[in-house]
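What you see is a predicted model, and the numbers here were worked out from it, not measured in a lab.
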Amino acid sequence: VQLQASGGGLVQPGGSLRLSCAASRMIFKMGWYRQAPGKQRELVAAITSGGISNYADSVEGRFTISRHNAKNTVYLRMNSLKPEDTAVYYCNAQAWGSPVHYWGQGTQVTVSS
């Protein structure tokens with residue numbers, strides 16, 4: 001599975017951004033991870049093809065994940081961004097019942113005044 005991510009950039013605290021990620025085929029679960037300098041990669045949000053989503057506690061209520069199954073695309077709407085959201089964000093996909101993770105290229109999100 002090939003994943004192509006887009007979006008990201010520089011935004012001021014309190015601002016918003018949207019990330020997009022298109023997969024080369026339909027896949028069960030898609031989501032986003034992030035990795036800040038000196039920290040481990042962590043799950044941000046994920047959503048299944050059936051629309052079941054989960055979020056990291058740190059982004060609950062601020063970020064919204066959605067997907068368009070016909071386009072094999074997942075979106076991450078990020079509102080009320082904080083400096084601690086600064087990280088490289090990676091698109092992720094996983095097939096049903098498989099431990100294999102597919103990764104897209106990272107996209108930088110920087111929240112700074």
Side-chain angles (χ1 to χ4, degrees):
V1 177
Q2 310 275 319
L3 300 173
Q4 182 66 45
S6 60
L10 173 64
V11 64
Q12 292 187 342
S16 298
L17 282 174
R18 190 180 82 155
L19 305 180
S20 301
C21 177
S24 56
R25 64 170 175 83
M26 181 66 172
I27 192 160
F28 171 62
K29 182 181 285 188
M30 296 184 72
W32 295 91
Y33 284 67
R34 68 185 180 187
Q35 188 167 19
K39 295 188 177 182
Q40 289 189 331
R41 192 172 296 190
E42 62 175 359
L43 174 68
V44 176
I47 186 168
T48 68
S49 55
I52 298 172
S53 59
N54 61 289
Y55 296 89
D57 289 343
S58 59
V59 307
E60 184 84 52
R62 299 188 297 121
F63 291 11
T64 302
I65 191 167
S66 60
R67 67 187 286 170
H68 193 304
N69 286 335
K71 295 182 178 180
N72 300 331
T73 300
V74 65
Y75 307 96
L76 184 68
R77 177 68 179 180
M78 304 183 291
N79 294 330
S80 303
L81 282 161
K82 303 175 181 180
E84 51 264 43
D85 294 316
T86 295
V88 178
Y89 284 68
Y90 295 92
C91 181
N92 172 270
Q94 192 173 12
W96 170 261
S98 171
V100 175
H101 288 257
Y102 300 94
W103 297 97
Q105 84 281 14
T107 184
Q108 178 71 44
V109 172
T110 302
V111 185
S112 175
S113 55

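A continuous path of hydrophobic side-chain contacts links Val11 to Val59 [ILVMFWY only; heavy atoms under 4.5 Å]. Val1 and Tyr90 fall into different hydrophobic clusters, defined by Ile, Leu, Val, Met, Phe, Trp and Tyr side-chain heavy atoms under 4.5 Å apart, directly or through other members. A continuous path of Ile, Leu, Val, Met, Phe, Trp and Tyr side chains, each step under 4.5 Å between heavy atoms, connects Ile27 with Val100, placing both in one hydrophobic cluster.
Two residues are said to be in side-chain contact when any heavy atoms from C-beta on lie closer than 4.5 Å; Val109 and Met78 meet this criterion. Considering only heavy atoms from C-beta on, Ser24 stays 4.5 Å or farther from Asn72 through its side chain. Side chains of Val74 and Ile65 form a contact here, defined as non-hydrogen atoms less than 4.5 Å apart.
Between Pro13 and Ser113 the shortest heavy-atom distance is CD-N, 3.7 Å. The two residues His101 and Asn92 have their closest heavy-atom pair at ND1-ND2, 3.0 Å. The nearest pair of heavy atoms linking Leu43 to Asn54 is CD2-ND2, 3.3 Å.
Residue pairs meeting the side-chain hydrogen bond (donor to acceptor under 3.5 Å, both in side chains) criterion with at least one member in residues 4-21, sequence neighbours excluded: Ser16-Asn79. Pairs passing the disulfide (SG to SG under 2.5 Å) check and including a residue from residues 42-88, sequence neighbours excluded, do not occur. Residue pairs meeting the salt bridge (Lys or Arg N to Asp or Glu O under 4.0 Å) criterion with at least one member in residues 38-52, sequence neighbours excluded: Arg34-Glu42. Residue pairs meeting the ring pair (Phe, Tyr, Trp, His ring centres under 6.0 Å) criterion with at least one member in residues 31-80, sequence neighbours excluded, are Tyr33-Trp103.
In this structure, the side-chain hydrogen bond (donor to acceptor under 3.5 Å, both in side chains) partners of Thr110, at least two apart in sequence or on a different chain, are Gln108. Remark: Asn69 pairs with Arg67 by the side-chain hydrogen bond (donor to acceptor under 3.5 Å, both in side chains) rule, at least two apart or across chains.
Atom OG of Ser66 and atom CE of Met30 lie 11.0 Å apart (nearest 0.5 Å). Going from atom NZ of Lys29 over to atom CD1 of Ile52 covers 9.0 Å, rounded to the nearest 0.5 Å. In this structure, OG on Ser112 lies 12.5 Å from CG on Asp85, to the nearest 0.5 angstrom. Distance check, rounded to the nearest 0.5 Å: CD of Gln94 to OG1 of Thr48 gives 11.5 Å. With rounding to the nearest 0.5 Å, the separation of CG in Leu76 from OG1 in Thr107 is 11.0 Å.
The environment of CD in Gln2 is sparse: at most 12 heavy-atom neighbours from other residues, nucleotides or ligands sit within 6.0 Å.
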